[in-house]
Amino acid sequence: MKIKQIGTYNGDIISTILENRKIKDIELFYNPTNEHDLDAFKIKNMRQGAEVLLAHLLIGNEIGILVDPDADGFTSASIIYQYIKKIEPNAKLRYFLHDNKAHGLTEKIMEQVANSPLDLLVIPDAASNDEAGIQRLYHMGMDLLIIDHHEVEKVPSHGIIINNQLDWNIDTNKNLVGAGMAFKFCQALDEILSYHHSEEMYDLVAIGQVGDASDISQNEVRNMVFKGLRTLNNPFIRVVLEDRFEDLTSIAPIDLSFSIIPLINSIVRVGTMEEKELLFRALNSIDVEETFTVTRRKKNKVTGKMDKYELVLNFYEYAYHICTKVKTRQDGLVKKTMAVLEKDIDNSGGIAIGILETSEHGSITGLVANKIASKLQKPVLLVHHVNGKYVGSGRGYEKSLPSLKDWCNETELVEFAQGHANAFGISIFEEDFEKFKEQTKNVEKREFIYEVDLHLHGKIDKKAISDVNSNKHLFGGKVREPLFAFTGIKVRKDFIRQRGSMLTFFDRGIEFVMYGAPAGLFESLTYNFEPYIEMNFVGRPSENNWGGRITTQIVLSDCSKGKEVEIIKEDGIFEQIEEEITAATLVF
């Protein structure tokens, strides 16, 4: 394990971290403003798109919205849907949901749209590259309005394309994702109509921007997200967050990634059409008068048995109840798929490759790939064979490659690898697949160095950990969460616990937690006669709130024992002490 401290700890961990992230205007970072926000009309076709939508509303035409299948897609579609309903409550408005995790103008969606009496189709967060589908619908007499943020390979010749990534924009903000672009479109409508309705939907914008991993350190995006967390207007969002957090005023952007966003994504991945419909209705308060009776179980303190009781839920509460059930179902599918797939993974190269027999579980391929990458500690591609291609998902492992997506594209053997650097979709023609697999064998695990904001030897700074936890709203995007290193920490062996694949160490009021601990690690640390073991920890500050009891934590990225650590100084020189052979380092 190699560790390098970034810069110099100045005694104030927060200012140290911000200095390390090259934040120049600290005051603006703490308190983002809208002073330099992008003028919506600087994005090409924005005015034209707004006027076309208003024209269709004016003459009572039928308008459709395509809902892209992820948190950004659901929120961006909801922003457009709600805005239209605010300015024209009687608008002839319908929406289209995908039955799987396909994006844009798929054949099924095309068929549904073609068989509907639409005059205008609005597509937020998708379709910039769906030229063939756009042309077909256009020649059927339908207007198309694409409000997107994805990179464009070839600009469609028909339809109105509003996309912040295109070079033809006078000015732009490329950090806006689908929800941010939908919001800018509503801002343009506000300006034309002299309304302020867009300001009521910041909470949806926050979920979309965080859910699509945008850079929330950028001022305009940061301001949107902060406003969204301060103004939780959406009834469904409030129901979810009120159940997950005791104090809504202290929610940080990262908290959305571990609460409502996974619930939305689980519905998208494995939910039925009825469950997807329920979620969209809950997000948009569509026909929500109905109540539902569900059966719950509670432990009887006298008998010790689980007693059943009935609970009446309103529509938003019931939608949340269904989301949690679907999330549990998804977790079970992931576990089952991993158990089937793991034994068939080709692990001979620097990138592990698994071939799924069918596309039946294609919606959870990325989740499974992510878990396998963590377990094997290398990048993973999971694909299935369909129509002469191997298509699926890639999940990277930064200790091997900074960007698995870039590596795949650089082989020039893939049809495409599109998405984020280490989370993306991939397609490979079958005639190139074996050559591609051969190239994966040339990938070697690079020498990984943990760059930390704080390194202490032989002691733990609990205040620094608490300060980070108190300021977690500051981190996200390019301002990555801080990483701490504590070396030479003596831990009592009876304070080391293992539960499943989770390993915990307790020391001086701090809980060091490792999820997905390698098999045999617990035994190698504890099976000897010494009461203590010297440990080195690298991880991220966190807190665990269980039943009102808050535990200060370090969620571990890595750990090692004894002298199995190298400290890199600023001049690049390694400081290493060979491990001594003692009773504490022998494994029996």
Side-chain angles (χ1 to χ4, degrees), residues 1-3 258 331-332 334-336 338-339 341-343 345 347 352 368 370-378 380 397-400 445 448 450 452 455-460 462 465 483-546 549-567 576-588:
M1 186 166 70
K2 295 182 173 66
I3 296 168
F258 296 96
D331 294 344
V334 169
K335 189 174 181 179
K336 182 179 177 181
M338 279 189 68
L341 185 62
E342 274 187 300
K343 62 180 182 296
I345 288 279
N347 196 22
V368 176
N370 198 49
K371 289 188 175 295
I372 293 176
S374 296
K375 187 167 185 177
L376 298 180
Q377 298 189 17
K378 64 167 60 177
V380 171
Y397 189 71
E398 289 187 357
K399 296 178 186 178
S400 297
K445 187 173 180 178
F448 189 79
Y450 291 102
V452 303
H455 169 227
L456 296 175
H457 184 76
K459 58 183 178 179
I460 297 170
K462 190 172 182 179
I465 299 171
L483 201 62
F484 287 0
F486 301 103
T487 58
I489 304 298
K490 288 189 176 181
V491 181
R492 281 181 52 173
K493 288 185 183 172
D494 53 354
F495 285 0
I496 304 175
R497 299 280 188 271
Q498 184 174 34
R499 186 172 62 186
S501 63
M502 183 176 75
L503 198 62
T504 56
F505 307 79
F506 297 91
D507 187 77
R508 286 165 262 193
I510 304 294
E511 182 179 59
F512 296 88
V513 185
M514 174 172 277
Y515 297 100
L521 178 59
F522 175 74
E523 290 78 8
S524 71
L525 298 176
T526 58
Y527 282 15
N528 51 61
F529 299 119
E530 296 294 320
Y532 290 87
I533 185 169
E534 187 174 294
M535 295 295 300
N536 310 299
F537 299 116
V538 174
R540 305 183 188 284
S542 181
E543 281 182 344
N544 180 39
N545 190 337
W546 180 259
R549 180 174 175 267
I550 298 175
T551 304
T552 303
Q553 292 182 328
I554 294 289
V555 177
L556 295 177
S557 303
D558 207 347
C559 69
S560 67
K561 59 180 179 176
K563 304 297 186 287
E564 296 174 354
V565 63
E566 296 178 0
I567 311 301
Q576 181 178 22
I577 302 174
E578 295 298 326
E579 184 178 8
E580 297 176 1
I581 304 299
T582 67
T585 61
L586 293 174
V587 179
F588 294 93

**Inter-residue atom distance Phe537.CZ - Asp558.CG, 0.5 Å rounding** = 11.0 Å
**Request:** Please tell me if the side chains of Ile510 and Phe486 come closer than 4.5 Å, counting only heavy atoms from C-beta onward.
**Result:** no
**Request:** Compare every heavy atom of Pro541 with every heavy atom of Gly539, then report the nearest pair and how far apart it is.
**Result:** O-CD, 4.1 Å
**Item:** Pairwise distance CZ(Phe505) to CD(Glu511) - rounded to 0.5 angstrom
**Value:** 11.0 Å
**Interatomic spacing from OG1 in Thr487 to CD in Glu564 - rounded to 0.5 Å** = 13.0 Å
**Asked** Quick one: NE2 on His457 to CD1 on Ile3, what's the gap to the nearest 0.5 Å?
**Response** 10.5 Å
**Request:** Indicate the atoms forming the closest heavy-atom contact of Lys2 with Glu566, along with that distance.
**Result:** CE-OE1, 2.9 Å
**Side chain Asn536, main chain Gly488, donor-acceptor under 3.5 Å** = yes
**Prompt:** Should Ile550 and Thr552 count as side-chain neighbours, where that means a heavy-atom distance under 4.5 Å?
**Reply:** no
**Asked** Would you say the side-chain atoms of Lys462 pair up with the backbone N or O of Arg508, donor to acceptor, closer than 3.5 Å?
**Response** no
**Request:** Measure the shortest side-chain to side-chain distance between Cys559 and Leu521 over non-hydrogen atoms and say whether it is less than 4.5 angstrom.
**Result:** yes
**Asked** Are any non-hydrogen side-chain atoms of Ile465 and Ile460 less than 4.5 angstrom apart?
**Response** yes
**Message:** For a quick test of reading the model, state the closest non-hydrogen atom pair linking Ile345 to Ala352 and the distance between them.
**Reply:** CG2-CB, 3.8 Å
**Prompt:** Say you draw a straight line from CD1 of Ile496 to CE of Met535; how long is it, rounded to the nearest 0.5 Å?
**Reply:** 6.5 Å
**Asked** How far does NZ of Lys563 sit from CD of Glu534, to the nearest 0.5 angstrom?
**Response** 4.0 Å
